[in-house]
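Order of the sequence lines fixes the chain letters, A, B, ..., with proteins taken first and strands second; residue numbering starts at 1 for each chain.
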Amino acid sequence: MIRIDNLVKSFGTFKVLDGLSFDVMPGEKLALIGPSGSGKTTILRILMTLESISDGHIEICGDQLYHMQRNGREVPADEAHLHKMRSHIGMVFQHFNLFPHKSVLENITLAPILTKGTPRAKAEARAMELLEMVGLADKADARPAQLSGGQKQRVAIARALALQPRIMLFDEVTSALDPELVEEVLLVMKRLAAETDMTMLLVTHEMGFAHEFADRVLFFDKGRIVEQGPPEQIFSNPREERTQSFLRKIIAAGHRV
Amino acid sequence: MIRIDNLVKSFGTFKVLDGLSFDVMPGEKLALIGPSGSGKTTILRILMTLESISDGHIEICGDQLYHMQRNGREVPADEAHLHKMRSHIGMVFQHFNLFPHKSVLENITLAPILTKGTPRAKAEARAMELLEMVGLADKADARPAQLSGGQKQRVAIARALALQPRIMLFDEVTSALDPELVEEVLLVMKRLAAETDMTMLLVTHEMGFAHEFADRVLFFDKGRIVEQGPPEQIFSNPREERTQSFLRKIIAAGHRV
Amino acid sequence: MEWDWAFVWQIMPTLLAGLKLTLLVTLLAAVVAAVLGLALAILRRSGNRAVARGTAALSEFIRGTPLLVQLYFIFYVLPDIGIRLPALLAGVIGMGLHYATYTAEVYRAGIENVPRGQWEAARATNLTMRQTWVHVIVPQAVPPMIPVLANYLIAMFKETPLLSAITVLELMNQAKSVANTYYRYIEPMTLVGVFFLAMSLVSVVFLRVLEARFGRMAK
Amino acid sequence: MGDWGGYLSLILQGALVTAKLTVMGCALALVVAFIAGLGRVSRFAAIRWLATAYIEFFRGTSIFVQLFWVYFVLPFAGVTLEPIQAGIMALGLNVGAYAAEVVRGAILSVPRDQYEACIAVNLTRFQRMRHVIFPQALPLMLPTFGNNAIELLKGTAVVSLISLHDMTFQAQVVRAQTGSTLIPFATILVLYFLMALALSRAIRMIETRITRGLDGVR
Amino acid sequence: DTLEDLKGQGFARIAIANEPPYTAVAADGTVSGAAPDVAREVFKRLGVGDVVASISEYGAMIPGLQAKRFDAITAGLFMKPERCAAVAYSEPVLCDAEAFLLPAGNPKGFKSFADIAADPEAKIGAPGGGTEEKLALDAGVPRERVIVVPDGQSGLKMLQDGRIDVYSLPVLSISDLMKKAEDPNLEMFAPVEGAPVYCDGAAFRKQDTALRDAFDVELAKMKESGEFAKIVEPYGFSAAAAMSTSRAKLCGE
Ligand SMILES: Nc1ncnc2c1ncn2[C@@H]1O[C@H](COP(=O)(O)OP(=O)(O)OP(=O)(O)O)[C@@H](O)[C@H]1O
Ligand SMILES: Nc1ncnc2c1ncn2[C@@H]1O[C@H](COP(=O)(O)OP(=O)(O)OP(=O)(O)O)[C@@H](O)[C@H]1O
Ligand SMILES: [Mg+2]
Ligand SMILES: [Mg+2]
C-alpha cells in the first residue's frame with residue numbers, strides 16, 4: 001500500500017530523516033512512537049505532500065508519489081500528479097485545523113463538493129452519516145468555535161473521512177485535548193480501526209492507545225527506525241536500550257502502557 | 001495556615017466558586033483534582049491575589065488576605081496590604097511565565113533584590129543553591145528560550161522558592177510539558193515536599209503523582225468540594241458517583257492512578 | 001481678533017462645498033488605493049524574481065517620499081511627456097498610488113495571518129490552489145483587514161489639503177481663499193479643524209464598530 | 001539660468017533644515033509618545049482621559065490645521081515660536097500621538113502571564129513596568145516607530161506652509177528662479193528617499209542591538 | 001515702541017513672496033526685488049541696520065503680520081479698501097497694471113475679465129486670495145473657472161500645458177515669467193481693460209501706525225531726492241506712477 005524507500009529529508013543542513021525505508025500493507029494499522037523531534041510528524045507531512053522530500057522514493061497504491069513518468073523518463077511530480085495522488089490520503093492534525101468561518105457541515109462537505117464534484121445533497125447526506133458515526137449529528141450547524149476540543153477533533157476526523165481516502169494519517173490527535181476529552185476521540189478511532197479496512201498511520205504519545213490500536217509499532221529516534229514489531233513485543237519486551245529508556249520515562253510520568 | 005470561609009467568586013453572572021470553605025494545616029500538602037472548569041485554577045489565582053473575590057473571607061498565616069482593619073472596621077485590603085500578604089505565597093504556573101528577556105539567574109534574583117532589598121551577591125548565592133537543588137546550576141546564564149520545557153518549569157519553581165514563601169501553589173505544572181520531560185519536574189517537587197515544611201497546594205491531572213504527593217485530596221466539581229480525604233481513600237474507594245465517573249474517564253484515557 | 005459668528009455663517013456654504021470635494025477625492029482615491037494595492041500585493045508575491053523585487057523597490061520609494069512632491073510631479077512634470085491629467089484626477093491618482101503601497105502591506109499581513117494550518121488542511125482535503133484561496137484563505141484574511149483599511153481611509157482624508165498645491169479647491173484651499181478675501185483667518189481655519197475633528201471622531205466610532213464586528217473573527 | 005551649483009546648494013541647505021526638523025521632531029515625538037502611551041494605560045482615569053484627549057485630538061485634526069494653529073494662533077496666546085520650533089512642535093506632537101498608540105499597543109501585547117508572574121513574585125507596579133513589561137514591549141515598538149519616523153520625514157514637506165525653508169520649499173524657490181520643475185523636484189525626491197533609507201537602516205540597527213540575545217523569545 | 005525695538009535688535013523682519021521683480025531670491029539665497037530693496041533702504045535711514053526676509057504665501061502674510069511673525073509686508077501686496085482695513089499701509093511704493101498671459105496670438109481675444117466671464121469654456125488662473133482672483137470673481141467668472149494657482153511658475157506651466165486659457169498677474173510679474181520661459185508660444189496682453197492700476201505699500205500692523213508714519217517720512221524724502229527712482233526703475237517700475245497717487249486715494253479713505 002505504502003512503500004517508503006531510502007527517504008531523506010533535510011531542513012537546511014539538518015537531516016531529519018536519514019535514508020528511511022519501510023512498507024505498509026493494505027489495511028494495516030501502524031503506530032509511530034518515539035521521542036520529540038525524532039521525525040514522526042515529518043513522515044506524515046511528507047505522505048500528505050505538505051513537505052517536499054530531499055531524496056528517495058515513495059510509492060502509494062502502486063504509483064510513485066513524488067515522481068512521475070514523462071516520455072519514459074522519471075521526472076519530479078507536477079501539481080496535477082500530486083493532486084491525483086492526494087485523493088488517496090486523508091490526514092487529521094494535532095490542532096484540528098478546522099475552517100473557522102464554516103459550519104461543521106460545511107467543513108465536511110466543502111472538499112467532496114469542490115474536488116469530486118459530489119452534488120451538494122449527496123455530500124450533505126454522507127456528511128450527516130459521518131457526523132452520526134462520530135456522535136455529533138446535532139452539531140451540524142455549529143461553528144468550530146462553539147465546540148469543545150474533543151468535538152473539534154471528531155469533526156476533523158469526519159472531514160478527512162468524507163473524501164473516502166484509502167490511507168488515513170493521524171498526528172497526535174489527542175495531545176491538544178483536556179484529559180477528560182481524550183477518551184471520546186480515541187473511542188471514535190477504535191471504532192474506525194475495527195470497522196474499516198483503511199490503512200492507518202498513527203503518531204501518538206498515548207502508549208496505551210497505541211497498544212490497543214496498532215498491528216505494528218515503529219519506534220523512531222533521530223529520523224531512523226530503531227525498533228519495530230507487534231505492540232506486545234515493543235511495549236513488554238523492547239530489545240533496544242533506547243526504546244527501553246524511552247518507555248521507562250513515559251511510564252514514570254504517569255502513563256499507562 | 002489557610003482558612004477559606006464561604007468564598008464566592010463570580011465572573012459576570014457565572015458563579016465559579018459558590019460558598020467554598022476549607023482549611024489547610026501548616027505543612028500540609030493538598031492536591032486539588034476535578035474536571036475541567038471546576039474552579040481549581042481559580043482558587044489558586046485567588047490565593048495569589050490574581051483575581052478579586054466576590055464574597056467571603058480568606059485568612060492566611062493569621063491575617064485576613066482580602067480585608068484589613070481600619071479604625072476598628074473591616075475594610076477591603078489596599079495594595080500595600082496585598083503586597084505584604086503576597087510575601088507569604090509563591091506560585092508556579094502551567095506555562096512557566098518566566099521573564100524571557102532575563103537570564104535564568106536574573107529571573108530568580110530579580111524579586112529578592114527588588115522586593116526584599118537582598119544584596120545582589122547574597123541573592124545570587126542563594127539562587128545558585130536553588131538552581132543546584134533543581135539540577136540546573138550549569139544553566140544560570142542561559143535565557144529561558146534556550147531551555148526545554150522541563151528545565152523552564154524547574155527554573156520557575158526555583159524563582160518561586162527564592163522569595164521563601166510559606167505557602168506554594170502549583171497549577172498543572174506539568175501539563176504543558178512533553179511526556180518525556182514530566183518526570184524531571186515531578187522529581188524536584190517530590191524532593192521539595194519531602195524536605196521542607198512548606199504548605200503546598202497542587203492542582204493536577206496526574207493522578208499518580210497526586211497520590212504520591214498529597215496528604216489530602218480535594219475533589220472539585222462546579223466550584224464545590226464533592227469529596228475529600230486521604231489519597232488512598234479518594235483513588236481506591238471514592239464514595240461519590242461524580243468522583244467515580246471522573247476517575248474512570250481519566251483511567252480510560254490511559255493515565256495510571 | 002475676535003470670533004465672529006455672523007462671519008462663520010456667511011462662509012459656511014463655501015466651506016461645505018470644499019468639504020464635499022474633499023470627501024469625493026478621498027473616496028475616489030480610496031478605491032484606487034484598494035485596487036492598486038491588491039495589484040502591488042500580487043506582484044510582490046509573483047514567482048518572477050525581477051517583478052517581485054521591482055515592485056518592492058518601487059513601493060519603498062513611493063512610501064519613503066512625500067506625497068506633496070509626488071503630486072507636483074504628476075501634475076507639473078508629467079505633461080512634459082504628454083500626460084496631462086485634470087487636477088482632480090491627478091490628485092486621485094497621486095493619493096491612490098501613495099496609499100496603495102500601504103494597502104498592499106495590509107493585504108500581505110492579512111494573508112500571512114491566516115494560520116499555516118489552514119493552508120495545510122486545504123491541501124489535506126485536496127483543494128486546488130484556486131479553491132484554497134476562494135473558500136479558505138480570502139474569507140479568513142479579509143475581515144481583520146477591514147479596520148486597518150478604514151484607518152488608512154481616515155488618514156487619506158486628512159491629507160487632502162495637499163491637493164491645494166495642484167489647484168484642487170478642497171476644504172483647506174477654500175478656507176484659505178475665504179481667508180484671503182476677507183482677511184480673517186481664525187474662523188475659517190478653526191472651522192476646518194473642527195470639520196476634520198468631527199469627521200475623525202465619527203470615524204473613530206465607525207472604526208470601533210468595524211473592529212468589534214470583524215477584528216475578533218480571526219482566531 | 002546657469003548657476004546650478006548655487007541652486008543645488010540652496011536645496012542642500014533645505015535638506016539640512018529637513019534633517020533637523022526630522023531629528024528634533026522624532027526626539028519630541030518619542031518623548032510625548034512614551035508619556036501619552038503610558039498615560040493611556042495608567043490606572044488613574046484622569047490621566048487616561050488626558051492622554052486619550054491628546055491622542056484623539058492630534059490624530060483627529062489634520063497636520064495642516066495643527067501647524068496653522070501653532071504658528072499663527074498661539075502667538076495670540078502670547079507664545080511666539082520660531083518657525084523651526086513651531087515646525088518641530090507640530091510634527092512632534094502629531095507623530096507623537098500616533099506613536100503613543102504604538103507604545104500602548106506594545107505594552108498591552110506583553111502577555112497577561114507576565115503581569116501575573118510579577119504579582120506572584122510580589123513586584124510593585126513600578127518595578128513591574130520598569131523591569132519586566134517595558135523591556136519586553138520595546139522591541140515590539142521599534143519597527144512601527146521606524147514607520148512613524150518616515151511619516152514624520154514626509155510630513156516636513158508641508159512645513160513650507162509656515163515659510164520654513166525646508167527642502168520642498170527650496171525646490172519651489174529654485175523652480176521659480178529657473179522655470180524648471182523636473183530638475184528640482186526629481187532632486188529632492190531622491191534626497192527624501194535617501195533620508196528615508198537612512199532612517200530605516202538606523203532603526204533596524206537599533207532593533208538588532210536591542211533584540212540581541214533575545215532571539216527565540218517570540 | 002516698535003521702532004525703538006527694531007533699532008535695538010538691529011533688523012526688521014519682512015515678508016516677501018519670491019515673485020520677481022517685486023521680490024526675488026537669488027541662487028545664493030540673498031533677497032532682492034524692488035519691494036525689499038526699498039524697504040531695506042528706508043529702514044536703514046530709520047536706523048534699523050538690516051532686514052530679514054521670510055518667503056511666505058500671499059495667504060499667510062496678513063495672519064503672519066498680525067501674529068507678529070513679521071514687522072512689515074513688502075511683497076507687492078496691492079492696496080485695496082478691505083486690506084487697508086486689516087493693515088496699516090505706507091504711502092505707495094510699486095505701481096503696476098494688471099496683465100494677461102495668453103497663448104500667442106490671443107486666439108480667444110481676451111481683453112478684460114468680463115471677456116473671460118462671457119466665454120463659458122474659458123478658465124483663468126490667478127493667485128489664491130490675490131487681486132486677480134477677486135477681479136475675476138467680481139467680473140462674473142464663476143468660481144469653478146477661477147483656478148487658484150499656488151505660484152507664478154505653476155501658472156505658467158499650466159498655461160503651457162493647456163490647463164488654463166489665461167493667467168493673470170501684474171504686468172511686471174508676467175513679463176518676468178515670459179523672460180524666464182523664453183516660450184514663443186506665449187504672449188502678454190496689458191494693461192487689462194477695465195482693471196484699475198494698483199500700487200502696493202509696505203504693510204504694518206494696525207497698532208504700529210507710529211512706525212508706519214516714520215517709514216512714510218523717509219519714503220517721501222527718497223521719492224523727492226530721486227533715490228527712490230534709482231531703486232525701482234531698474235526693475236521696470238515707474239517711480240512717477242507711485243508719486244502721482246496716494247494711500248488716501250487707493251484705500252478709498
Ligand atoms: N519547517 C522546519 N524547519 C526546520 N526544522 C524543522 C521543520 N519542521 C520540523 N523541523 C525539525 O525536524 C525535527 C523533527 O520534527 P518532527 O516534527 O517530525 O518531530 P516529531 O517526532 O513529530 O516530534 P514531536 O513528538 O515533538 O511532535 C525536529 O528537530 C524539528 O525541529
Ligand atoms: N476571567 C474569566 N472570565 C470568565 N470566566 C472565567 C474566567 N476565568 C475562568 N473562568 C471560568 O471559570 C470556570 C473555572 O475555571 P478554572 O480555570 O478555575 O477551572 P479549572 O478547574 O482550573 O479547569 P482546568 O482543569 O481546565 O484548568 C471555567 O468555566 C472558566 O470558563
Ligand atoms: Mg510531531
Ligand atoms: Mg486550570
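At least one side-chain heavy atom of D:L38 sits under 4.5 Å from a side-chain heavy atom of D:I107. Between C:S200 and D:R59 there is no side-chain heavy-atom pair separated by less than 4.5 Å. Here the side chains of C:I154 and C:L207 are in contact, with some heavy-atom distance below 4.5 Å. Looking at C:I11 and C:L191, their side chains come closer than 4.5 Å, going by heavy atoms from C-beta outward.
Both the backbone and the side chain of C:F61 come within contact range of chain D, with heavy atoms under 4.5 Å apart. Both the backbone and the side chain of D:L189 have a heavy atom closer than 4.5 Å to some heavy atom of chain C. For C:T160, no part lies near chain D; criterion is any non-hydrogen pair under 4.5 Å. Using a 4.5 Å cut-off between heavy atoms, D:T168 contacts chain C through its side chain alone, with no backbone atom that close. Contacts of D:E151 with chain C are made by side-chain atoms alone, with heavy-atom separations under 4.5 Å and no backbone atom involved. For D:L182, the parts lying under 4.5 angstrom from a heavy atom of chain C are both the backbone and the side chain. Only the side chain of C:Y102 comes within less than 4.5 Å of a heavy atom of chain D; its backbone N, CA, C and O stay farther away. Interface remark: D:L191 contributes no atoms to any contact with chain C (heavy atom separation under 4.5 Å). Heavy atoms of D:Y98 lying under 4.5 Å from chain C belong exclusively to its side chain. Of the atoms belonging to C:L68, it is side-chain heavy atoms, and not backbone ones, that fall under 4.5 Å from chain D.
Taking a 6.0 Å sphere around CH2 of C:W119, one finds it holds more than 12 heavy atoms contributed by other residues, nucleotides or ligands. The neighbour count for D:R201 CZ, taken as heavy atoms of other residues, nucleotides or ligands under 6.0 Å away, does not exceed 12. Summarising the local packing, CE of C:M145 is surrounded by more than 12 heavy atoms from other residues, nucleotides or ligands at distances under 6.0 Å.
Between D:F34 and D:F145, the ring planes are perpendicular. Angles over 60° get that label, and only those under 30° would be called parallel. By the 30° and 60° cut-offs, the orientation of the rings of C:W3 relative to C:W5 is perpendicular.
Chosen from D:M167, D:K154, D:M195, D:R175, the residue pairing most often with chain C at heavy-atom distances under 4.5 Å is D:K154. Residue with the most contacts toward chain D among C:Y76, C:F195, C:Y72: C:Y72 (heavy-atom pairs, distance under 4.5 Å). The greatest number of non-hydrogen atom pairs below 4.5 Å with chain D, out of C:V194, C:I62, C:T65, is found for C:T65. Here C:R63 is the residue among C:E159, C:R63, C:Q70 with the most heavy-atom pairs under 4.5 Å with chain D. Between chain C and the residues D:V65, D:V190, D:I63, the most heavy-atom pairs under 4.5 angstrom are made by D:V65. Listed options D:A186, D:S200, D:G155 were ranked by heavy-atom pairs under 4.5 angstrom with chain C; first place goes to D:A186.
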Next on the checklist: Is there a side-chain contact (heavy atoms from CB on, under 4.5 Å) between C:T190 and D:W69? Walk through the geometry before answering.
Outcome noted: CA-CA 8 Å; C:T190 305; D:W69 269 76; 3.2 Å; yes
